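Okay, so here's the structure we're looking at.
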2 protein chains.
Amino acid sequence: MKQKQEVSPRSIVESFKRVARKWQKLEKQPRKFGTAIELHSSEIHLIEEIGENEGLSVTDISGLLEVTKGAVSQTLKKLEAKKLTTKKEDPTNTSRALVELTARGWEAFNAHERWHEAMDGGFRSYFLGLDSDKIMFLKEFLKIFETFLDSKDRLKE
Amino acid sequence: MKQKQEVSPRSIVESFKRVARKWQKLEKQPRKFGTAIELHSSEIHLIEEIGENEGLSVTDISGLLEVTKGAVSQTLKKLEAKKLTTKKEDPTNTSRALVELTARGWEAFNAHERWHEAMDGGFRSYFLGLDSDKIMFLKEFLKIFETFLDSKDRLKE
DNA sequence: ATTTAAGTGTTAAGCTGCTATACACATATA
DNA sequence: TATATGTGTATAGCAGCTTAACACTTAAAT
């Protein structure tokens, strides 16, 4: 039996790669949240960010999501057409716009939260069976992986 | 000190989500492999799959990558234009094409392997410091997560 | 104070990578 | 032999991004 468990960094990375792709694919599905309006991934992604951080400008969002201002502006335009977000002028800076969710936007935000809970819930039972040190390890691992990716990202510039 | 370490499933999922997005973003960067030719993510992804599994048809690849045959056909067309892959007729089925890497294709494949090793290598030192049970746990976790995502994916159909 | 530089958001063109659809052809099945 | 299924291709269209040019505002430099 060649059961000596050869778990290479490579095999973990491969496994992660597959999972990340599947996750991405799942997340990319357009879905209806609350209102009967269908939201695409970039739209719900924006709503998520706006709902979690009040008083963001277009540039702020651009920085948080790590995409260009143009991309944010375009998606915001669609969200405004769907009456899910609005912009108000920053009182301290005329050229700056503060983005906020409308009532319908909050509806969608909350519906997405609930969807997320259902997703997370699938893990809950598994999680409850885990030692806390394993959970801590997982958290640490993800953090290290993220730092690693950030460093790779900076490298290419 | 509120150090009681409240690690919720949600926070792990959030963390994973961020990491997955960053990974995806990094992977999406077009890069040069071996030859001076720039390869886009879908192209290198295909080369990876073809290099690892000999004798694949278009439909096979489509199944492995979980995209439509049309998508595979389109990307293969680009790869053929770049002289990285060729198709030969399946002797047992005229309507079937077997895809293979050219010499240049193998060059790109190997260069990508080396790139991958460099990526994985960033982990190696971290990995060597880990207990084997932690590594096993990580592998198990990824597997469970993948199964979970697969089930969610089937659900929406 | 005026010029210059930097920051803010928008728009248009162009790209990747995918799907859906229609198609031509080959093979398997009734 | 007719019909259904499988195999690959081509086209149109869409999401989501980038780049670049733009108009405008605010901050900094002289």
Side-chain angles (χ1 to χ4, degrees), chain A residues 21-22 24-31 37-50 55-82 85-100 156-157, chain B residues 21-22 24-31 37-50 55-82 85-100 156-157:
Chain A
R21 278 184 185 147
K22 290 186 179 181
Q24 220 59 6
K25 190 160 189 172
L26 192 66
E27 220 186 18
K28 227 182 260 169
Q29 305 286 339
R31 293 182 295 267
I37 289 187
E38 188 150 270
L39 293 179
H40 293 174
S41 63
S42 70
E43 295 169 341
I44 194 64
H45 196 172
L46 238 69
I47 286 181
E48 228 181 327
E49 210 68 44
I50 297 165
L56 292 180
S57 69
V58 174
T59 302
D60 291 338
I61 298 173
S62 156
L64 285 171
L65 263 46
E66 297 183 62
V67 295
T68 59
K69 290 182 296 174
V72 174
S73 183
Q74 286 163 17
T75 306
L76 236 32
K77 201 169 152 186
K78 295 185 208 162
L79 287 176
E80 280 162 30
K82 293 181 179 177
T85 62
T86 48
K87 292 198 205 79
K88 68 171 186 187
E89 197 177 74
D90 183 339
T92 77
N93 186 333
T94 325
S95 76
R96 199 182 172 88
L98 301 182
V99 185
E100 33 186 52
K156 65 142 215 294
E157 280 157 22
Chain B
R21 278 184 186 147
K22 289 187 179 181
Q24 222 54 10
K25 189 159 189 173
L26 192 65
E27 219 185 20
K28 226 182 260 167
Q29 305 288 338
R31 293 182 295 267
I37 290 186
E38 189 150 88
L39 293 180
H40 292 175
S41 63
S42 70
E43 295 169 342
I44 195 63
H45 197 172
L46 238 70
I47 286 182
E48 228 181 327
E49 210 69 43
I50 298 164
L56 292 180
S57 70
V58 174
T59 302
D60 292 337
I61 299 173
S62 156
L64 285 171
L65 263 46
E66 297 181 62
V67 294
T68 60
K69 289 182 298 175
V72 174
S73 184
Q74 287 163 14
T75 306
L76 277 177
K77 201 169 152 187
K78 294 185 209 164
L79 287 176
E80 280 161 29
K82 293 181 179 177
T85 62
T86 49
K87 292 198 206 80
K88 67 170 186 186
E89 197 177 75
D90 183 338
T92 78
N93 186 332
T94 325
S95 75
R96 199 182 171 87
L98 301 182
V99 184
E100 32 187 53
K156 64 141 215 294
E157 280 157 21

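Please read these numbers as outputs of a predicted model, since none were measured by experiment. Naming convention: chains lettered A, B, ... in sequence-line order (proteins, then strands); numbering from 1 in each chain.
The NZ-C1' distance, from Lys25(B) to dG16(D), rounds to 12 Å in whole Å. Remark: P of dT25(D) and CD of Glu89(A) are 9 Å apart, rounded to the nearest angstrom. Here dC15(C) presents its C1' atom at 14 Å from CD of Gln29(B), a figure rounded to the nearest Å. At whole-Å resolution of the value, CG in Leu98(B) and P in dG8(D) are 8 Å apart. One interatomic measurement links the two molecules: CG of Leu76(B) to C1' of dG8(D), which rounds to 10 Å at whole-angstrom precision. Arg31(A) places its CZ atom 15 Å from the C1' atom of dA15(D), with the value rounded to the nearest Å. Rounding to whole angstrom units, NZ of residue Lys69(A) and C1' of dA12(C) are separated by 16 Å. When the P atom of dA15(D) is taken as reference, atom CD of Gln24(B) falls 20 Å away, rounded to whole Å.
Checking dT10(C), dG17(C), dT27(C) against every side-chain atom of Asn93(B), the shortest atom distance belongs to dT27(C). With dA10(D), dT18(D), dT11(C) as the choices, the nucleotide that has an atom nearest any side-chain atom of Val67(A) turns out to be dT18(D). Side-chain atoms of His40(B) lie closest to dT16(C) of the nucleotides dT16(C), dT11(C), dT25(D). Closest to the side chain of Gln74(A), out of dA26(C), dT9(D), dT11(C), is dT11(C). Of the listed nucleotides (dA20(C), dG9(C), dG16(D)), dG9(C) has the atom at the smallest distance from the side chain of Ala97(A). Between dG8(D), dG17(C), dC17(D), one nucleotide has an atom nearer to the side chain of Ser57(B) than all others, and that is dG8(D).
At least one donor-acceptor pair closer than 3.5 Å links the side chain of Lys82(A) to the backbone N or O of Glu38(A). Panel note: side chain Thr85(B), backbone Glu100(B); no donor-acceptor pair is recorded below 3.5 Å.
Summary of the strand contacts: Arg96(A) and Gly70(A) both lie near DNA chain C, and taking for each the nucleotide with the nearest heavy atom, the more 5' one is attributed to Arg96(A).
Within the nucleic acid shown, Asp90(A) has no heavy atom closer than 4.0 Å to any nucleic acid atom. Here Ala71(A) lies in heavy-atom contact (under 4.0 Å) with a base. Nucleic acid contact class of Thr68(B) (heavy atoms, under 4.0 Å, all strands): base. Residue-level contact check: Lys28(A) touches neither bases nor backbone, having no heavy atom under 4.0 Å from any strand.
The side chain of Thr59(B) places an N or O atom within less than 4.0 Å of a non-bridging phosphate oxygen (OP1 or OP2) of dG8(D). The side chain of Lys87(B) places an N or O atom within less than 4.0 Å of a non-bridging phosphate oxygen (OP1 or OP2) of dT9(D). Residue Ser42(B) has a polar side-chain atom (N or O) positioned under 4.0 Å from OP1 or OP2 of dG17(C). Side-chain nitrogen and oxygen atoms of Ser41(B) include at least one within less than 4.0 Å of the OP1 or OP2 phosphate oxygen of dG17(C). Close to dT27(C), at under 4.0 Å from its OP1 or OP2, lies a side-chain N or O of Thr94(B). Side-chain nitrogen and oxygen atoms of Ser95(A) include none within less than 4.0 Å of the OP1 or OP2 phosphate oxygen of dT25(D).
In plain terms, the two heavy atoms of Leu65(B) and Lys25(A) that are nearest each other are O-NZ, 4.4 Å. Closest of all the heavy-atom pairs between Glu27(A) and Ser41(A) is O-CB, 3.5 Å.
Leu39(B) contributes atom CG, which lies 5.0 Å from atom CD1 of Ile47(B) (distance to the nearest 0.5 angstrom).
Salt-bridge formation is not detected for the pair Arg21(B)/Glu66(A): no Lys NZ or Arg NE/NH1/NH2 atom is positioned less than 4.0 Å from an Asp or Glu carboxylate oxygen.
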